[in-house]
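Take a look at the structure set out below.
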Amino acid sequence: MKIAQIIVDNKCKETDRVYSYLIPQGLEIKIGHRVIVPFGRANKKIAGYVVGLKSNTELEINKLKAIAGLPSNDIFLSADMLKLIKWMREKYLCYYIEAIHGALPANIRIKNTYIYELNQDSKNIDLLKEGNPQALMDVLEFMEENGGRATKEELRDNFNDNILENAVKKLIKLGVLKRHQKVKSQENIMYERFVYPDAEKAEIPANAKKQRLLMDIVGSKPGISIKALQKDYAIGKATIDNLLSKGFIRIEEKEAYRLVPEKIQAESKKILTKEQCRAFGEIEECFKKGRHVLLHGVTGSGKTEIYLQLIEAELKKGKQGIVLVPEISLTPQMIRRFVSRFGDTVAVLHSGLSNGEKYDEWRRIAEGKAKVAIGARSAIFAPFEKLGIIIIDEEHENTYKSETRPKYDAREVAMKRCDIEGARLLLGSATPSIESYFKATNKLNNMALVSINTRVNNKVMPNVKIVDMREELKAGNKSIFSHSLAEEIKIALGQKDQIILFLNRRGYSTFVSCRSCGFVAKCPNCNISLTYHAKGNYLTCHYCGYSRPNPKECPSCKSSYIKYFGIGTQRVEREFQSTFDDIDVLRMDADTTTRKNSHKLILDKFRNKEASVLIGTQMIGKGHDFSDVTLVGIITSDTYLNLPDFRAGEKTFQMVTQSAGRAGRGDKPGTVIIQTYSPEHYSLLYAKNHDYEGFYKDEIKMRKEMNYPPFSHLGHIVISGIGEDAVVKAAKEAGRSLNKLRGDNSNIEIWGPSPAPLSRINNRHRWQLVLKSVKEEEVLKILRDFNNSAFLNSEEVSVSMDINPLNML
DNA sequence: AGCACGCCGACT
DNA sequence: GTCGGCGTGCTC
């Protein structure tokens with residue numbers, strides 16, 4: 001007797017456990033298989049994942065149900081992957097099934113619905129028609145109009161739930177309706193059809209020109225695809241069908257992949273520069289010692305080539321590699337580099353793919369056809385069997401942390417996966433996150449640091465100039481372009497060079513700033529800027545709840561020039577065109593990039609020099625290599641600085657450094673102009689000097705003083721709901737509950753409850769609580785206990801929890 | 001979550 | 001009695 005331990009695909013707290021099912025005779029079930037099981041009183045057929053096998057159980061055998069079968073498309077989770085999933089459940093406070101779904105391509109869900117059929121012969125129809133409740137008649141009428149068949153969803157769209165349930169139940173009881181459950185695993189595999197000749201000699205009428213043509217083609221190219229016949233020879237379906245029925249040709253189906261790989265010229269290995277070579281050697285040395293590596297290489301230092309050669313080395317050992325990059329659709333150059341080096345053994349997993357395409361790529365990996373996966377966050381789960389290396393490029397990017405459940409951090413998952421599977425991890429960035437740099441310099445988590453401080457071919461770092469916008473205002477310049485920036489723009493335009501202008505318009509949270517002296521209101525307890533609330537006209541700190549009235553004049557210089565900020569890219573575009581006329585400008589932001597591929601189009605246009613100027617938000621600041629850009633202007637570099645976030649300095653440094661890194665990558669030296677209202681801020685000063693280490697030293701000192709990460713771990717609880725009163729009440733209740741759970745453990749701080757910085761989203765009010773402790777496990781434990789005692793999750797409010805969030809807005 | 005059961009008031 | 005509205009409790 002074999003018993004399977006199964007996680008069922010039913011997303012709820014109560015069913016987040018392992019169930020036991022009997023394995024019927026003749027069904028070969030292995031760990032990691034996806035199966036279909038009957039579940040619940042109604043024996044609804046749902047998907048389940050086998051996580052273990054046993055030969056006995058404490059449960060009563062005759063009360064166990066049996067596995068119903070296997071879905072048509074096989075999904076496997078390796079034993080290592082199951083370990084990772086279990087770890088994710090603990091670490092990110094999610095359900096097993098959520099972790100499983102996170103690790104599998106979307107759209108593999110088993111579709112499950114009920115189909116109702118009208119029993120036409122039933123005499124009961126007549127019975128019913130004699131003086132019956134309206135509901136029954138309505139449902140019957142609908143069924144008849146619908147051809148005697150309807151899915152549950154179709155009925156639901158047309159009837160009120162309660163009426164429906166009762167009426168349908170009644171009709172089933174009377175035998176008028178029949179219900180079948182339909183279980184369908186999405187058939188994601190696409191088949192392509194190929195034509196072969198299938199007769200010694202085909203006799204074709206003289207006038208059938210198309211048929212003759214087809215026979216000729218198939219004769220010279222047996223195995224040509226139907227697609228090619230239609231496209232290249234204009235042979236239609238009728239011709240093929242005709243010959244098929246005569247038996248002159250036959251058709252074979254083969255699994256096909258939707259993505260036709262771009263034909264890219266093979267590129268051979270580049271010779272590493274001296275510096276790259278040293279770094280490569282150091283990395284290999286660390287890997288040999290079983291260490292993970294943080295590679296800190298300045299912008300333009302040639303990290304990608306090192307990645308390529310590290311992967312090559314793993315492939316030579318018969319192993320496989322994963323490369324994570326942020327929002328991959330933004331870096332077509334990088335994909336091209338990988339494909340040109342590794343050909344069709346590269347699987348690309350990016351957000352621009354359809355679900356079917358994603359599934360195809362996933363399958364190519366699972367089947368061993370792809371050896372290198374390059375993709376965004378979720379590519380960390382690429383189903384390789386012999387994983388040798390995981391590379392995370394631009395590791396400081398926030399996109400590696402998922403904002404939806406499971407709220408995992410791909411960097412942490414990568415490290416765990418490497419540890420489970422004996423692979424090596426390489427994090428790479430020109431501006432490493434403080435957390436990673438801290439780990440690497442202190443050799444925590446077995447992480448080592450390798451640095452490259454020079455650009456390839458010793459290209460000089462761009463010259464960076466900080467412009468004090470307060471001075472500009474004093475001098476009467478109300479334009480968004482400072483004199484310096486305007487001058488540099490004119491020079492660049494005169495030399496036919498290209499220009500990039502950055503604007504960080506993350507304009508949700510307004511902040512109060514004095515335009516004449518740069519004063520920004522800050523919280524006395526938290527070293528974080530206060531947020532302006534128009535309603536009630538007050539300033540508040542969203543971490544500790546401190547609040548004060550909005551000052552009428554600047555407390556520092558008594559000026560009445562108190563303003564809150566918000567310049568959009570469109571305004572920059574308009575102002576640019578009115579200041580420097582007759583110049584082609586490209587704008588790239590959320591408004592212009594809604595269409596699929598539109599990023600690529602805009603960037604290609606810019607690369608082809610169809611415009612001299614590119615204006616955009618941060619999305620253009622990553623990894624692009626435009627060799628004719630000599631000037632980068634950062635219109636407002638203060639945006640982050642004034643967000644209520646202890647990472648404000650870090651994000652500013654990263655943004656400025658990365659943006660500046662776009663300048664001077666070609667033969668000409670680059671210039672960068674940073675416009676700011678806080679020119680003395682350490683983030684900007686260190687960024688100006690390209691001094692990451694200096695920045696890190698200051699930043700880590702602040703983190704230590706304030707006991708912020710990496711010196712502590714945060715737990716974030718957001719309580720939201722439509723009704724403000726219910727949310728506030730629940731938040732206060734949650735506060736009491738957390739205090740009780742904390743007991744007298746003084747290592748754990750609890751902040752709040754206080755309104756979330758984004759106090760209302762989608763019509764929902766939001767309040768938050770923050771837990772802080774030096775020990776992550778302590779935070780997790782309280783969050784878990786809190787979740788188990790959840791009196792809170794009701795129709796009125798919902799609770800979301802996150803461990804070590806990257807933003808708490 | 002999703003489903004069925006069963007209790008209870010309203011109405012034939 | 002019977003209908004259907006709604007709360008309750010369970011899922012190998």
Side-chain angles (χ1 to χ4, degrees), chain A residues 1-24 27 29 31 33-69 89 94-101 109-116 124 127-128 130-140 151-153 155-157 159-174 176-177 179-183 404-406 787-788 790-800:
Chain A
M1 185 64 69
K2 273 276 177 122
I3 289 155
Q5 302 288 98
I6 287 173
I7 306 291
V8 293
D9 192 352
N10 189 27
K11 197 159 78 188
C12 92
K13 203 161 100 190
E14 284 71 26
T15 56
D16 178 40
R17 54 209 251 20
V18 176
Y19 287 88
S20 298
Y21 278 87
L22 299 173
I23 300 173
L27 208 56
I29 301 290
I31 290 179
H33 258 126
R34 185 170 62 149
V35 294
I36 293 177
V37 291
F39 192 68
R41 232 191 287 241
N43 282 328
K44 186 178 170 182
K45 297 225 177 26
I46 60 173
Y49 295 84
V50 180
V51 296
L53 294 170
K54 295 207 293 191
S55 49
N56 58 347
T57 173
E58 318 81 70
L59 300 162
E60 279 182 62
I61 288 273
N62 53 9
K63 284 196 178 153
L64 296 188
K65 294 176 186 175
I67 292 173
R89 174 176 180 262
C94 65
Y95 308 138
Y96 281 118
I97 197 66
E98 289 174 315
I100 289 173
H101 283 154
R109 307 287 160 89
I110 291 199
K111 285 206 172 171
N112 205 327
T113 191
Y114 290 109
I115 291 183
Y116 296 90
N124 284 322
L127 275 175
L128 276 170
E130 295 157 21
N132 259 292
Q134 196 58 40
L136 294 192
M137 293 312 295
D138 288 348
V139 172
L140 269 184
T151 62
K152 189 178 177 177
E153 286 69 33
L155 284 169
R156 257 194 197 159
D157 287 347
F159 297 95
N160 160 314
D161 268 13
N162 272 321
I163 293 174
L164 184 70
E165 203 175 304
N166 285 304
V168 166
K169 212 184 278 173
K170 183 90 191 282
L171 288 167
I172 288 174
K173 211 167 153 190
L174 287 166
V176 179
L177 276 187
R179 194 182 79 164
H180 315 273
Q181 193 191 340
K182 191 157 184 190
V183 184
T404 53
R405 291 170 66 113
N787 196 31
N788 288 336
F791 52 90
L792 289 162
N793 269 314
S794 67
E795 277 169 28
E796 286 181 309
V797 297
S798 55
V799 180
S800 89

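Because the structure is predicted, anything quoted here is derived from the model rather than measured. Chain letters run A, B, ... following the sequence lines, proteins first and then strands; every chain starts at 1.
The span of DNA chain B lying next to chain A, judged by atoms under 4.0 Å from heavy atoms, is bounded 5' to 3' by B:dA1 to B:dC5.
Within 4.0 Å (heavy atoms only), A:Y95 reaches no atom of the nucleic acid at all.
In this structure, the salt bridge (Lys or Arg N to Asp or Glu O under 4.0 Å) partners of A:E58, at least two apart in sequence or on a different chain, are A:K54. Residues meeting the ring-ring contact (aromatic ring centres under 6.0 Å, His included) test with A:H33, sequence neighbours left out: A:F76. Applying the ring-ring contact (aromatic ring centres under 6.0 Å, His included) test to A:Y95 and every residue at least two apart in sequence or in another chain returns nothing. Legend: residues meeting side-chain contact (heavy atoms from CB on, under 4.5 Å) with A:R41, ordered by chain and number and at least two apart, are absent. The side-chain contact (heavy atoms from CB on, under 4.5 Å) test applied to A:A4 returns A:I6, A:I23, A:V50, A:L53, A:I67, not counting sequence neighbours. For A:S800, the side-chain contact (heavy atoms from CB on, under 4.5 Å) criterion is met by A:K407, A:V718, not counting sequence neighbours. Qualifying ring-ring contact (aromatic ring centres under 6.0 Å, His included) partners for A:Y49, counting only residues two or more places apart in sequence or in other chains: none.
In this entry the distance linking CG of A:D9 with P of C:dC12 reads 15 Å, nearest Å. Rounded to whole Å, atom P of C:dC12 lies 15 Å from atom CD1 of A:I61.
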Give every pair of a protein N or O atom and an N or O atom of nucleotides 9-11 of chain C that lie under 3.5 Å apart, one pair per line with the distance.
from: C:dT11; atom 1: O3'; to: A:G40; atom 2: N; distance (Å): 3.2

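Other residues, nucleotides and ligands contribute at most 12 non-hydrogen atoms within 6.0 Å of the NZ atom of A:K11.
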